[in-house]
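Worksheet for the structure shown next.
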Amino acid sequence: MPESDAPTRTAEALPKQYRPADHEPRIWSRWVEARAFEADPKRVLDGDAPPYCILMPPPNVTAALHLGHALNNTIQDILIRAHRMMGFETLWIPGADHAGIATQTVVDKRLQAEGKPALADYKKKELAGENGRDQFIALVQAWKDEYSAKIRAQSEAMGAGADWRRYRFTMDDVCARAVREAFFRLFRDGLIYRGKRLVNWDPVTQTALSDDEVEDKQIDGHFYYMKYPVVDDAGKETGGHVTVATTRPETYLGDTAVAVNKNDPERAAYIGKKVRLPLVGRVIEVIADDYVVIPDADSSDPKAQYASGFLKVTPAHDTNDWELGQRHSLDVINVMAPDATISDQHGWSDVGDAGLFVGLDRYEARKAVVAWFKENGLLDKTRPYSHSVGHSYRSHVPVEPYLSDQWYCKVTDDKLRGSAQRALVRDQRTSNSIKSWPASYPADTGAEGGDAAMTFYPSRYAKSYESWHDNLRDWCISRQLWWGHRIPVWSGSMVAWGDLLPEFEAKLAELRDQGRIAGQIGLDPEAEDFEIDATGSPAISTWESISVRSENDHEAIKVLEEFGFTQDPDVLDTWFSSGLWPLSTMGWPDASTASSLDPDAPDDFASLLPAFNPTSVLTTAREIITLWVSRMVMFNRYFLGQDDKLGAGAGRLPYDDVFIHAMIQDGEGRKMSKALGNGVDPFDIIASHGADAMRFTLAKMTTQTQDVRMPVVHDPDTGTNTSPKFDEGRNFCNKLWNAARFTLSMLDKSPHDAGRTFTPSDLSLADRWMLSRLETGAREIADAIQTYQFSSYAQSMYDLLWRDFCDWYLEAIKPRVADDPGTRATLRIALDAILRLLHPITPFVTEAVHERLRDVPMPNIEGVGFASTKSSDTLCQSGWPELDASVRDEAAETEFERVRSLVRTINETRAAHQVEPRRRVTLHISDTLAASVSANNTLVETLAGLSRITTDAPPESAAVFTFEAGEHHLSDLADAVDAGAERERLEKQIQDLSKSIGALEGRLSNPGYVDKAPEKLVNQTREQLEQTRAELATVEAALEKI
RNA sequence: GGGCGGGUAGCUCAGCUGGCCAGAGCGCUCGCUUUACACGCGAGGGGUCGCGGGUUCGAGUCCCGCCCCGCCCA
């Protein structure tokens, strides 16, 4: 309710409670209309403002945003808003990620759940030539449209002030152009190659998974001990056996060797002998390899306990066996189809009598193989065994190590891995990794934006970054999916073209010379027959794979397809396009093409990279360091190095800082997930508490640790999850609202003297103290923002607003504000400064308050100013508080602190006597205290609820208390003072004081302390002891009197 | 197995380079419709700082060992 009798300009009709829903949508529109979030790269290039840029990690379009996104968005928005107010030209580019396998699976599952034709059906259609691929992609596209709209609505609701005109989707035309160019260049440079490798194969989604997409699960399985008969050179069974131990009996069909450890005394003699695979009939050799574990029943290593000493080697179906096979040049026999059924159609020709297993699923085959071995006396035994098995993170079935053609990116090349390693700032490197660098590489320049500039916050994550690179393997970038960037490679053979070949060769050579295509032959760059077109001009006729640079180069594609070359059906790993995010969002490789591909975007692509790359900071979750952070560094440095003629890999960094934020868990320390039903939906919190409350709470939780817990409670009324944590944010916003209501009503009643300039030294103690606190607070906050300590930022604001401004400053000025223009000026400016300092965390409520406060003319106080910005239409665009060091007033802080401490002591005494808050009491103080606090009598009277302060002797009924070791009294506490309560209180005080004295005496009686501790500290302890003793004496004397 | 983080009040967390009686918010207890705010105000109770050693005049803070919890990598 408005208190003033007449409605006023600023404070009218402000409700007692801040209701976010009344303001948030309206304020969002105001920002948009004010074009507050729109960045202008020209201002940076013209030198009008320094750049500050963040690229939003694009959320997956698989689902709506969760609390982790809300946290990340909040952090970025805080940084962007703060820097905008500080005078930076700020750019925050939003977007979304197509998230290949995840989205395809989500859509497939939904179709299945709805009983509609799903992926499997569209695959059949495609095989039947009915264009199933395009139909399915259209469905995924519809899903994407739905969710990206939802995600954008959520982001806006939480106040994410991004430049939405520059929104990018990792599969839109601008991004596709970047992907195409990047792929082409890496292919041309020999850093993308086709390899036959074992991949983690998901037989359900029928796609290869990266190592990061495989989750280990503990499985209760068995060790099977299978006997293979030993044969002589003529192939005749000798009657002996070797017993191999395996958890995967069905793979015996693809065995191409048995291995033993040459240091195994019992079995080394078998090396060189031959065994025959039952049914299959294949004769394989017993080879020696140190990888084989020697059996030892007493060992603590379970492998040694279970080993038989003979290892069956199946290079096509086990990663360790693959490597072993490489070492010994063993045959690789794949016995499975892509759906993990046993098959003789994918590389297995010597089936022999094992045809009975063909067509069985891998687990059926396992049973059948075990049963057959058992029936024929070749199964020695079976033992239960718990072991870890990799599972697909999408379909959750065990992955199958599977031999297939895949495309690899040679990230182990120094131009990629090395440049990423050298990007790390020197302070954060460990000596180990520095040593691992090629000696030939030039010394670090330490130049900004180049080598040795990237800094992790918190710094410990630099270590994960480093060690990941140390153990890096080439990156499998192909995925057997439909939803994604199709691999721009056409494959085929030229052998059959006979007389026509020279004609085609000439066409291809022309296209190559124009930089429109590039070709490769062979597989792995490590292999001898590998050639890329840069070196292979005489051998165009042998090209097997050709990449076309632009998707619009229909001419080149036509030439290839005339040759019978066909485009690879696979798509690129989703991280390939995410890795290009810093480039694609800024229109790389070609600004004018980007503008034509996205006519809705501002036509300034050409200025973006020069103005804003390197970006200022990448803010992300830790699980993504390896998948994403590193790849952006590699790509940015590789391609911009080429563009800037510095050499591939020597280019700029994509960002200067990397901030890794904590992960939010539920109250029990579990990940929030749909499956567990413990997730909190940001929309629900915005509805119940408001966006600001959510943001404040999230910021306050963002400490430097890895995880933070948020107790989740289910609200049966709304059916949603929430957390009591958000009440803190809501209460805080409400506190600000009410402080503002009060301030505005004060300023309405008696406006300050506009145009007058105040000097801090002329202001009252409370005013000087408040300004000094603001100066300190602003410094703490700037420091917190600089070092990404959002929790301490929020905490500082909490203390500044609630503890300092509300609890003490507003209470202190109540009686005088009407008569003191200096106080009104301070009040006006202090609230404004608090609004500005707080705005990045809680933008809506601060803007809502500012809408009213801005009507009150801004006073001048020396040393208090605001940064200049390009506009001040809204608080959002206004300048950051700039408080001169001269505003800091330590004398005022000390003096005010003394008043606070006296008031607290009086309040304690009042509370002990249950004095009604409204009752005015009389304070009797000693002459000495009176002399030193007289200047602040009114302040003490106001804050402590006193009728007067006097040096008169107190009446008998007065309550006694000590302050600075002196004895003082309160009278008029009540009609009668409870002597019992008084005695109890004093006795407790005596107890506390005696305990302190004991501790202090103990410290001082320790000769080591007196001798070795700093003299200042010892003196301090002595003084304290003296004071405490005096206080004790006072209290004891007072107790006597009762 | 390697790496990282955590174990501080009933709960969620601060506590930087070792030094005032270890703090905050929530919850709890008591008192308050005090004319900005009950989403509030005042006061209070509550902690062997995971365990065991060590360094030091002094350790929640540094060192060593161990035990739990979580994450990442193999």
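Sequence lines set the chain letters: A, B, ... in the order given, protein chains first and strands last, and positions in each chain run from 1.
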Touch check for [X], heavy atoms < 4.0 angstrom, all strands: base, sugar-phosphate only, or nothing?
X         : value
A:Ser464  : nothing
A:Pro1007 : nothing
A:Gln665  : sugar-phosphate
A:Lys988  : sugar-phosphate
A:Gly945  : nothing
A:Asp727  : nothing
A:Asp992  : nothing
A:Val708  : sugar-phosphate
A:Arg622  : sugar-phosphate
A:Cys806  : base
A:Tyr461  : nothing
A:Gln704  : nothing
A:Thr705  : sugar-phosphate

Under 4.0 angstrom between [X] side-chain N/O and [N] OP1 or OP2:
X         : N      : answer
A:Arg709  : B:rU12 : yes
A:Lys735  : B:rC37 : no
A:Trp737  : B:rG40 : no
A:Arg803  : B:rG25 : yes
A:Arg1003 : B:rC21 : yes
A:Lys16   : B:rG40 : no
A:Lys463  : B:rC4  : yes

Selected nucleotide, minimal atom distance to [X] side chain, candidates [options]:
X         : options                : value
A:Glu728  : B:rG44, B:rG25, B:rC57 : B:rG25
A:Asn907  : B:rC72, B:rG40, B:rA43 : B:rA43
A:Asn1006 : B:rA36, B:rC57, B:rU12 : B:rC57
A:Arg918  : B:rC57, B:rA36, B:rU34 : B:rU34
A:Arg904  : B:rC41, B:rA43, B:rC57 : B:rA43
A:Asn738  : B:rC37, B:rG25, B:rG3  : B:rC37

Q) What are the two closest non-hydrogen atoms of A:Val293 and A:Ala307, and how far apart are they? A)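 Closest approach of A:Val293 to A:Ala307, heavy atoms only: O-CB, 3.8 Å.
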Q | Any side-chain heavy-atom pair of A:Thr74 and A:Phe790 under 4.5 Å | A |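 Result no, sub-4.5 Å side-chain heavy-atom pair not found.
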Q.
Are A:Gln17 and A:Asn738 packed together at the side-chain level, in the sense that at least one heavy-atom pair is separated by less than 4.5 angstrom?
A.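 Contact flag for A:Gln17/A:Asn738 side chains = no.
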Q | Toward the 5' end of RNA chain B, by each residue's nearest nucleotide, A:Ser791 or A:Met663 | A |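 Result of the comparison: A:Ser791.
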Q) Want to settle it: does A:Pro724 or A:Leu1017 sit nearer the 5' end of RNA chain B, counting the closest nucleotide to each? A)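 Nearest nucleotide further toward 5': that of A:Leu1017.
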Q: Please give the nucleotide sitting opposite B:rC71 as a Watson-Crick or G-U wobble pair, both distances under 3.5 Å, or none.
A: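 Across all strands, the one nucleotide that pairs with B:rC71 is B:rG3.
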Q.
When both hydrogen-bonding distances must be under 3.5 Å and the geometry is Watson-Crick or G-U wobble, what is B:rC41 paired with, if anything?
A.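 Paired with B:rC41, as far as the under-3.5 Å criterion goes, is B:rG31.
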Q: Taking only Lys NZ, Arg NE, NH1 and NH2, and the carboxylate oxygens of Asp or Glu, determine whether A:Glu728 and A:Lys725 approach each other closer than 4.0 Å.
A: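 Between A:Lys725 and A:Glu728 there is no salt bridge, as every charged N stays at least 4.0 Å from the carboxylate O atoms.
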Q.
Without decimals, in angstroms, what is the distance between A:Gln1020 CD and B:rC21 C1'?
A.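 Going from CD in A:Gln1020 over to C1' in B:rC21 covers 13 Å.
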Q. Please give, in whole Å, the distance from B:rG19 P to A:Arg1022 CZ?
A.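 It works out to 21 Å between those atoms.
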Q. Looking at A:Phe732 versus A:Phe696, is the centre-to-centre ring distance below 6.0 Å?
A.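 Judged by ring-centre distance (under 6.0 Å), A:Phe732 and A:Phe696 do meet the cut-off.
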Q.
Could you check whether A:His23 and A:Tyr18 have their ring centres less than 6.0 Å apart?
A.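 Yes, the ring centres sit under 6.0 Å apart.
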[N] to [M] separation - [atom1] atoms, rounded to the nearest Å:
N      : M      : atom1 : answer
B:rG1  : B:rG65 : P     : 16 Å
B:rA24 : B:rG46 : C1'   : 15 Å
B:rC63 : B:rU56 : C1'   : 12 Å
B:rA14 : B:rG25 : C1'   : 11 Å
B:rA9  : B:rA74 : P     : 36 Å
B:rG54 : B:rA59 : C1'   : 11 Å

Q. Less than 3.5 Å between a donor and an acceptor, one on the side chain of A:Gln17 and one on the base of B:rA36, is that the case here?
A.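 No, no donor-acceptor pair under 3.5 Å.
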Q. Which of parallel (below 30°), tilted (30 to 60°) and perpendicular (above 60°) describes A:Tyr465 and A:Phe456?
A.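 Aromatic pair A:Tyr465/A:Phe456 classed tilted.
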Q | Pi-cation contact, A:Trp808 with A:Arg900 (under 6.0 Å, within 45°) | A |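 Yes; both conditions hold, so A:Arg900 lies above the ring face of A:Trp808.
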